[in-house]
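Read the structure below first, then the notes.
A quick note: this is a predicted structure, and the numbers were derived from the prediction, not measured.
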Amino acid sequence: MKKFFLLFLLISFFAGFSQKSSDKKLSKAIQTFQDANDITGMIASITLFKEVADKSNSWIPAYWTSFAYSQTGRISDNPPMYYDSAQYYLDQVVAMDGLSAKEQSDVHVLQSLIYGLRAGGYWSKGDRENGMKYSNLDSEALSKAIQLDMENPRIYLLSATGIISDGLRNQDAGYILAGGQMLEIAKVKYEANKPSNELYPDWGKGWINFWMQRAKIGD
């Protein structure tokens with residue numbers, strides 16, 4: 001009985017030690033990503049994220065890896081390659097059991113972001129068929145996110161950026177104004193829904209000021 005108890009303590013200790021080590025690596029990857037000011041820095045963060053995600057059963061490292069790939073694709077010469085990798089890691093998250101409604105909402109929000117990035121690439125090339133396809137998938141994913149958690153600030157952020165983009169493209173002041181109001185809602189939601197876990201992928205808040213400037217809110 002004593003041997004069994006000792007073995008249990010040893011297993012618990014090493015499991016806890018391994019988790020702390022994984023958390024430290026993930027924290028370093030997040031900091032590297034946040035400090036990156038070019039694609040080289042972002043790729044460096046992806047390497048760190050993958051080291052954790054590929055050895056973890058937790059959804060958070062895989063989610064962060066997917067998000068990092070999506071953002072690197074935005075500034076790369078080969079966006080689809082990075083979006084494919086972003087989708088690969090997000091699919092791993094989708095396959096995991098036990099995610100709460102809040103967590104599932106964030107999964108759908110990231111899916112919306114990836115679909116939106118793909119759509120933008122096709123629209124810019126004049127490919128209406130694929131542009132419409134991924135725009136519709138983008139909207140469907142965001143709709144699922146709303147159904148799961150209406151308090152998710154990233155829902156309002158992505159809705160706002162989409163509306164403002166349409167307004168700027170079509171020179172529609174009404175759209176730009178509506179998008180600006182949606183950004184204000186997103187700002188409130190971010191403040192009201194701060195995650196208790198510092199490793200939770202709470203992305204997007206830093207985008208608000210940039211989009212307010214693009215829309216020239218208040219001018």
Just wondering, do [Y] and [X] contact through their side chains at under 4.5 Å, heavy atoms?
| X | Y | value |
| --- | --- | --- |
| F49 | K28 | no |
| L183 | K187 | no |
| L110 | Y115 | no |
| K144 | Q104 | no |
| I164 | T161 | no |
| N130 | D127 | yes |
| I39 | S76 | yes |
| L157 | Y190 | yes |

[X] atom [atom1], over 12 foreign heavy atoms within 6.0 Å:
| X | atom1 | result |
| --- | --- | --- |
| M150 | CE | no |
| K55 | NZ | no |
| K25 | NZ | no |
| N57 | CG | no |

Check against side-chain contact (heavy atoms from CB on, under 4.5 Å), L113 and Q71: CA-CA 10 Å; L113 176 65; Q71 298 309 288; 3.6 Å; yes
In this structure, would [X] and [Y] fall into the same cluster of hydrophobic residues linked by side-chain contacts under 4.5 Å?
| X | Y | answer |
| --- | --- | --- |
| L137 | I146 | no |
| V94 | Y69 | yes |
| L90 | Y88 | yes |
| L148 | L142 | no |

Could you walk me through whether L99 and V93 pass the side-chain contact (heavy atoms from CB on, under 4.5 Å) test, one step at a time? CA-CA 9 Å; L99 270 66; V93 179; 3.9 Å; yes
Given E151 and K102, is the side-chain contact (heavy atoms from CB on, under 4.5 Å) satisfied, shown in steps? CA-CA 9 Å; E151 296 303 306; K102 169 181 165 54; over 6 Å; no
Which of these passes side chain to side chain contact (heavy atoms under 4.5 Å, CB included) with S112: V107, I155, L158, L117?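 Filter result, single survivor: L158.
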For K133 and Y122: C-alpha separation, side-chain torsions, deciding distance, then whether side-chain contact (heavy atoms from CB on, under 4.5 Å) applies. CA-CA 10 Å; K133 171 186 173 181; Y122 284 117; over 6 Å; no
Under a plain distance cut-off of 3.5 Å, with no hydrogens placed, do [Y] and [X] share a side-chain donor-acceptor pair?
| X | Y | value |
| --- | --- | --- |
| N193 | N152 | no |
| Q213 | N209 | no |
| S135 | W123 | yes |

Looking at [X] and [Y], what are the two nearest heavy atoms and their distance?
| X | Y | answer |
| --- | --- | --- |
| S56 | S58 | OG-N, 2.9 Å |
| I46 | A68 | CG1-CB, 3.8 Å |
| A62 | Q92 | CB-OE1, 4.4 Å |
| H108 | A141 | CB-O, 3.4 Å |

Answer with yes or no after comparing the ring centroid distance for F33 and F67 against a 6.0 Å cut-off, counting only values under it.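 Centroid separation for F33 and F67: below 6.0 Å.
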Can the ring centres of W59 and Y200 be said to be less than 6.0 Å apart?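 So the answer is yes for these two rings.
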Test the R74-W207 pair against the cation-pi criterion, namely NZ or CZ under 6.0 angstrom from the six-membered ring centroid and within 45° of the ring axis.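 Output yes; distance and angle both within limits.
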Backbone of Y134 reached by a side-chain donor or acceptor of D138 within 3.5 Å: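 Flag not set: sc D138 to bb Y134 has no pair under 3.5 Å.
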Nearest 0.5 angstrom please: [X] [atom1] to [Y] [atom2], how far?
| X | Y | atom1 | atom2 | result |
| --- | --- | --- | --- | --- |
| M42 | T32 | CE | OG1 | 12.0 Å |
| K50 | S45 | NZ | OG | 11.5 Å |
| I60 | D106 | CD1 | CG | 10.0 Å |
| L26 | Q31 | CG | CD | 11.5 Å |
| D38 | I75 | CG | CD1 | 7.0 Å |
| L168 | I163 | CG | CD1 | 12.0 Å |

According to salt bridge (charged side-chain N to carboxylate O under 4.0 Å, His left out), who are the partners of E198, at least two apart in sequence or on a separate chain?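 For E198, no residue satisfies salt bridge (charged side-chain N to carboxylate O under 4.0 Å, His left out) once neighbours in sequence are set aside.
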Name the atoms and distances for all side-chain donor-acceptor pairs under 3.5 Å in residues 79-86, with sequence neighbours left out.
unit_1	atom_1	unit_2	atom_2	d
D84	OD1	R118	NH1	3.3
D84	OD1	R118	NH2	2.7
S85	OG	M81	O	3.4

Between E191 and K205, does any NZ, NE, NH1 or NH2 come within less than 4.0 Å of an OD or OE carboxylate oxygen?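 Counted as a salt bridge, because a side-chain N and a carboxylate O are separated by less than 4.0 Å.
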Using a strict 4.0 Å threshold on nitrogen-to-oxygen distance, state whether D202 and K194 make a salt bridge.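 So D202 does not pair with K194 through a salt bridge.
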Going through the distances and angles, do Y63 and Y89 end up as a ring pair (Phe, Tyr, Trp, His ring centres under 6.0 Å)? CA-CA 7 Å; Y63 187 104; Y89 278 94; over 10 Å; no
